[in-house]
Amino acid sequence: MKRILSFALILIMLLGVIPGPAYAEDFLEYGTVELIDGITWEAGTYTTVGLMFAGNSVVTDVPSVLYEIDGKTRTLIPVNVVAEYIGAQISWNGETQEVSIYFNGKTIVLKIDSDTAYIDGQPYKLPNKVPAKLLSYNGVTRTMIPVNILDQFGLEFAWNGDTRTVEMNYPYQDIKDIVYDDSGRFQEIHINTTGQVLTTSYFMDGSLLDSQDKIIIDFENTGFDLPEYKVIDGKRTIDLIYGSIDKIVTYPVEGESKTRMEIELLNRKGYDIFYDEDKQMVVVRFINSIRDIRTEKIYSSEAVVINTGEYPAYNVDYLHGKVVVDVVNSLQRYKDGKNGEIEVHEGGVDTISYSQFDTTGSTTFSEEDIVSRVVVNLDDDTSVDDVYVENIDNEIFVYVSGDPLNGFDYVKNGLDSARLTMNFTNMGKVDASYNENTRNLTMKVKKESVELSGMNVDIDDSIIDKISINDSDSEEYKITVKLSEGTAVAKMPDGEYANGIELSFFNEALKNSIWRNTLIVVDAGHGGTDPGAVGTKTTESKLTLSIAKELEKKLQGVGFKTYMIRDADVKIAPSYRMRVANDINADLVVSIHINAAENPNARGVEVLYAEEETGKKKEFARILQDNLIDTLGSVDRGIVHRQNLYMCRVPTMPSALVELGFVTNAEEQDRMMTSTFQKSAAQAMLDAILDFLN
């Protein structure tokens with residue numbers, strides 16, 4: 001069972017009830033549930049129903065159910081779904097017990113336990129006389145409305161009997177034209193449509209797939225109705241010869257009411273998608289954004305990491321007690337774009353605030369500038385003089401204890417190679433030696449040539465194990481680089497150097513690994529505004545991302561290609577997680593989750609899978625479970641057949657969902673938060689993958 005936070009409070013929360021836990025996976029594996037009538041307080045047993053909007057699963061804190069009156073049945077859904085996913089405005093009148101829904105210029109009013117609704121003031125008899133109800137689950141009360149009333153807003157819905165799911169969508173529209181426009185401040189793609197459409201999108205990192213980076217956008221419930229002269233071989237292709245965009249390819253998805261756009265990139269680009277009602281077009285605007293903000297220990301240094309959509313342009317101001325990072329030409333998209341503050345109170349950081357900065361009256365920016373601001377507020381014992389800021393690719397690192405590599409620049413070029421650079425302030429001589437037994441590369445450099453201080457930093461990336469500096473000698477530094485097993489240096493440094501030294505490392509074992517062309521998808525469950533299971537100290541989304549990164553590192557350490565479904569604290573729809581796995585033709589998928597239950601004593605590990613003809617998914621689940629139990633010593637909850645879970649069912653390749661413990665169990669929560677557990681769990685999953693593939 002899985003506990004998640006409820007949706008944001010809407011005005012329909014009733015009778016002083018406070019949102020409580022909900023159980024996500026239960027609602028995907030449909031069965032029965034006990035709900036309490038919010039008027040009579042009588043308990044009843046109801047059949048749960050799945051809910052999807054535009055191809056994505058909708059998880060709710062009170063489940064959608066089948067409600068029967070006089071032998072006739074209708075589906076009831078929580079009305080907050082209409083606000084959260086469709087964008088309708090909701091209001092509640094406690095005196096009359098009426099909920100009003102306003103959308104697309106039309107108002108529908110439903111009264112609790114009445115089979116008559118009012119549409120723009122006119123009475124409307126509800127089908128099968130199934131009324132709106134107040135229903136409670138696990139202490140959460142919601143207004144439940146018959147889903148068929150939504151057709152009055154022009155929305156479409158269908159019943160999928162195989163999975164017992166209601167599928168909702170915006171009305172079907174046609175795509176009439178696609179135009180690339182660079183006449184404004186930002187590059188844009190304009191997709192002209194016959195009406196509003198919903199889009200779902202993701203960024204596909206091509207670095208480990210031997211392809212270009214791509215932005216994939218699906219236009220849900222659409223047709224592809226372009227003039228014939230603009231379509232060649234069923235696709236509309238726009239080739240570009242400048243900027244960061246190489247090609248825009250748009251085509252209908254075979255067998256689905258959907259149009260797909262693939263934007264091939266020369267450089268990673270951030271983007272924003274919105275619907276322009278006045279022009280009746282979907283606009284894809286290429287603009288950077290802040291996707292995630294997190295704290296992390298990097299090479300023994302505390303850091304605030306700002307994850308953005310592309311290589312960022314940014315300004316840094318060092319003020320008394322705080323460091324201000326302004327990301328230019330950027331939207332604040334962290335936590336759904338809301339301004340806020342993160343409580344940290346450790347590692348030299350007190351709080352982190354984030355906002356879309358109002359540039360009105362700014363002496364630094366013009367009023368037209370679009371700026372995302374992150375302020376790192378330091379604690380009383382930390383000075384701004386101790387702060388070092390740099391960016392690597394699309395992330396900005398604010399180190400609160402100085403440069404963690406102390407004048408070095410270390411970059412991993414790929415799975416099997418890396419580069420280490422040290423800059424000199426004056427010409428200096430380097431004496432180097434290598435010990436094959438200890439795998440230590442030792443370099444001696446005069447202190448007059450470079451400014452360093454003693455350090456001992458673990459790298460541990462299958463190329464280099466660690467770097468250490470001994471500065472006890474009065475005249476020279478002793479620099480020791482311990483190489484990982486199988487790693488060699490391309491050319492030993494020796495002699496006089498003017499600007500510094502650059503060392504190239506390569507690992508032949510990784511280069512020749514039999515797994516080099518095997519692609520493993522690692523899926524960290526939940527994320528962003530969906531924290532998943534919630535404990536007293538942490539959340540599922542934080543734990544799964546930490547463990548997923550450990551697994552990624554270990555997989556790459558033996559030569560696998562890896563693809564992380566999410567590498568930051570962002571929300572990704574379940575259907576898209578697994579669609580990515582299929583699109584990139586992965587060989588194996590591991591989805592990492594953490595469990596929860598009302599019983600605080602519930603504990604243990606289980607692996608979920610879906611049956612299929614070859615039996616490979618069940619076999620993979622069994623091997624995963626056995627390795628996890630052997631390594632972690634946890635309670636064995638066995639493997640569990642869960643046919644309707646996206647993470648198990650949708651991928652065409654072997655896939656499984658692991659539940660590594662219960663965050664609602666105090667002991668297991670503390671254990672799962674440790675580095676030892678996370679590394680052990682990752683090792684067990686790696687061993688299972690190797691056992692399965694061998």
Side-chain angles (χ1 to χ4, degrees), residues 1-8 19-25 59 61 138 291-298 302-305 307 334-336 340-352 354 522-553 564-572 590-606 628 632 634-635 637 657-685:
M1 300 179 74
K2 192 64 60 69
R3 177 174 293 184
I4 66 170
L5 292 179
S6 63
F7 288 121
Y23 294 91
E25 263 65 41
V59 177
D61 47 14
N138 281 342
R291 302 167 62 240
D292 182 27
I293 303 169
R294 67 185 189 273
T295 57
E296 188 174 325
K297 187 178 287 291
I298 301 175
E302 297 293 338
V304 175
V305 185
N307 181 285
Y334 178 61
K335 297 298 183 183
D336 282 352
E341 188 172 69
I342 304 169
E343 301 284 342
V344 181
H345 309 306
E346 64 180 3
V349 179
D350 186 25
T351 61
I352 307 167
Y354 49 90
V522 181
D523 172 40
H526 303 275
T529 54
D530 172 17
V534 178
T536 57
K537 298 179 181 178
T538 189
T539 63
E540 177 178 12
S541 60
K542 291 180 180 179
L543 289 173
T544 58
L545 185 57
S546 295
I547 296 167
K549 288 182 176 180
E550 289 291 345
L551 177 57
E552 177 191 37
K553 184 187 294 186
M564 292 278 283
I565 293 294
R566 70 175 179 98
D567 60 358
D569 187 22
V570 294
K571 183 178 180 178
I572 299 176
V590 179
S591 184
I592 301 172
H593 287 251
I594 307 297
N595 228 326
E598 286 292 337
N599 180 0
N601 296 317
R603 61 193 304 140
V605 171
E606 62 187 18
L628 286 165
L632 300 176
S634 301
V635 171
R637 298 175 65 91
L657 185 153
V658 300
E659 299 274 14
L660 291 172
F662 283 75
V663 75
T664 45
N665 180 297
E667 182 182 345
E668 286 206 332
Q669 176 183 231
D670 288 344
R671 186 183 179 214
M672 288 187 292
M673 291 175 67
T674 66
S675 174
T676 299
F677 177 91
Q678 294 175 13
K679 291 179 183 293
S680 296
Q683 184 63 49
M685 287 185 278

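Both backbone and side-chain heavy atoms feed into the values below; hydrogens, waters and symmetry mates do not.
- Looking only at side-chain heavy atoms (C-beta outward), Leu545 and Arg566 come within less than 4.5 Å of each other.
- Side-chain contact between Val605 and Glu659 is absent, with no heavy atoms from C-beta onward closer than 4.5 Å.
- Distance CG/Asp569 to NZ/Lys335: 5.0 Å, rounded to 0.5 Å.
- In summary, of the residues considered (Glu540, Lys542, Lys571), a side chain to side chain donor-acceptor pair (under 3.5 Å) with His526 occurs for Glu540 alone.
- The number of heavy atoms from other shown groups lying within 6.0 Å of CD (Glu346) does not exceed 12.
- In plain terms, the two heavy atoms of Val349 and Val304 that are nearest each other are CG2-CG2, 4.0 Å.
- At least one side-chain heavy atom of Val305 sits less than 4.5 Å from a side-chain heavy atom of Ile298.
- Between Ser680 and Arg671, the side chains place no donor N or O within less than 3.5 Å of an acceptor N or O (distance only, hydrogens not considered).
- With a 4.5 Å cut-off on side-chain heavy atoms, Leu660 and Ile594 count as touching.
- Using a 4.5 Å cut-off on side-chain heavy atoms (C-beta onward), Glu550 and Gln683 make no contact.
- Between Gln669 and Thr538, the closest heavy-atom pair is OE1-N, 3.5 Å.
- Partners of Glu667 by side chain to side chain contact (heavy atoms under 4.5 Å, CB included), not counting sequence neighbours, listed by chain and number: Arg603, Asn665.
- Shortest non-hydrogen contact noted between Tyr334 and Arg291 is CD1-O, 3.7 Å.
- Nearest heavy-atom pair across Gln678 and Ser546 is OE1-CB, 3.3 Å.
- Shortest non-hydrogen contact noted between Thr351 and His345 is CG2-CE1, 4.0 Å.
- The distance from the CG atom of Asn601 to the OG1 atom of Thr664 is 9.5 Å, given to the nearest 0.5 Å.
- Using a 4.5 Å heavy-atom cutoff, the side chains of Thr539 and Val663 are not in contact.
- Rounded to the nearest 0.5 Å, atoms CG (Asp292) and OH (Tyr354) are 10.5 Å apart.
- Proximity of Phe662 to Asn599: side-chain heavy atoms (C-beta onward) are nowhere separated by under 4.5 Å.
- Shortest non-hydrogen contact noted between Ala681 and Leu628 is O-CD2, 4.0 Å.
- Between atom OG1 of residue Thr544 and atom NZ of residue Lys549 there is a gap of 10.5 Å, rounded to the nearest 0.5 Å.
- Counting heavy atoms from C-beta on, the side chains of Asn595 and Glu668 never come closer than 4.5 Å.
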